[in-house]
Amino acid sequence: MLNNKLEKALNKQINAEFYSAYLYLSMSSFLNEINLTGFSNWMRVQFEEEQFHAMKIYDYVLERGGKVKLDAIEKPPYKWKDVLDVFKDVLKHEQHVTKLINDLTDLAIQEKDHATVNFLQWFIDEQVEEEANVSELLAQLEMIEGKGSGLFMLDREAKQRKFIAPTE
Ligand code: FEO
């Protein structure tokens with residue numbers, strides 16, 4: 001059984017993951033508006049990944065006999081300067097999520113809830129991967145200054161991304 005503190009914190013993280021999904025969906029729509037349909041697809045996959053993250057925690061709370069309390073999702077921004085601006089925001093957001101996951105893990109350690117510490121390990125690894133992927137993409141976008149034929153090529157590549165639900 002989850003204690004109250006952890007139940008509350010995990011519920012907060014469900015909300016944060018749904019906010020991430022919402023943010024990336026908003027970015028996906030913006031990228032579509034500026035005719036970067038490949039990056040729009042990439043961001044839509046990101047949206048699906050975040051929903052998966054939220055549901056993974058949702059299922060865990062239920063599995064541990066906790067109560068899921070869904071809260072309102074904050075309104076995301078809907079306008080950026082350009083594609084570089086979008087990806088700078090993605091990296092900043094993922095760094096913020098990493099901090100949330102680390103804080104949550106600290107709390108689970110403090111509460112001596114070993115099962116939750118173990119559960120959160122998946123998210124710790126996932127954040128390393130997310131930050132690395134976004135940093136790489138951002139570096140490539142910076143290399144081509146977010147324009148020209150380089151952008152066309154990266155956009156075409158981004159179109160190939162597909163959501164594959166992770167298996168353990
Ligand atoms: Fe759910 Fe992108 O972290």
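The basis for the numbers below is simple: all heavy atoms, side chains too, and nothing from hydrogens, waters or symmetry mates. As the structure lists them, so they are numbered: ligands from 1, and atoms in each ligand from 1. What you see is a predicted model; the values in this text were computed from it and never measured.
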> Hey, does the Lys NZ or Arg CZ of Lys159 hover above the aromatic six-ring of Trp42, less than 6.0 Å from the centre and inside 45° of the axis?
Replying inline: no
> Would you say the side chains of Ser20 and His53 form a donor-acceptor pair under 3.5 Å?
Replying inline: no
>> I need the protein N, O or S atoms closer than 2.8 Å to atom 1 (Fe) of ligand 1, given as residue plus atom name.
In response: Glu17 OE1, Glu50 OE1, His53 ND1
> Is there side-chain contact between Leu141 and Phe39, with at least one heavy-atom pair below 4.5 Å?
Replying inline: yes
> Do the side-chain N and O atoms of Glu17 and Gln13 include a donor-acceptor pair separated by under 3.5 angstrom?
Replying inline: yes
>> If we count only N and O atoms by modelled type, under 3.5 Å, do the side chains of Gln46 and Glu130 hold a donor and an acceptor together?
In response: yes
>> Looking at Asp82 and Gly146, would you say the former's side chain and the latter's main chain have a donor-acceptor pair under 3.5 Å?
In response: no
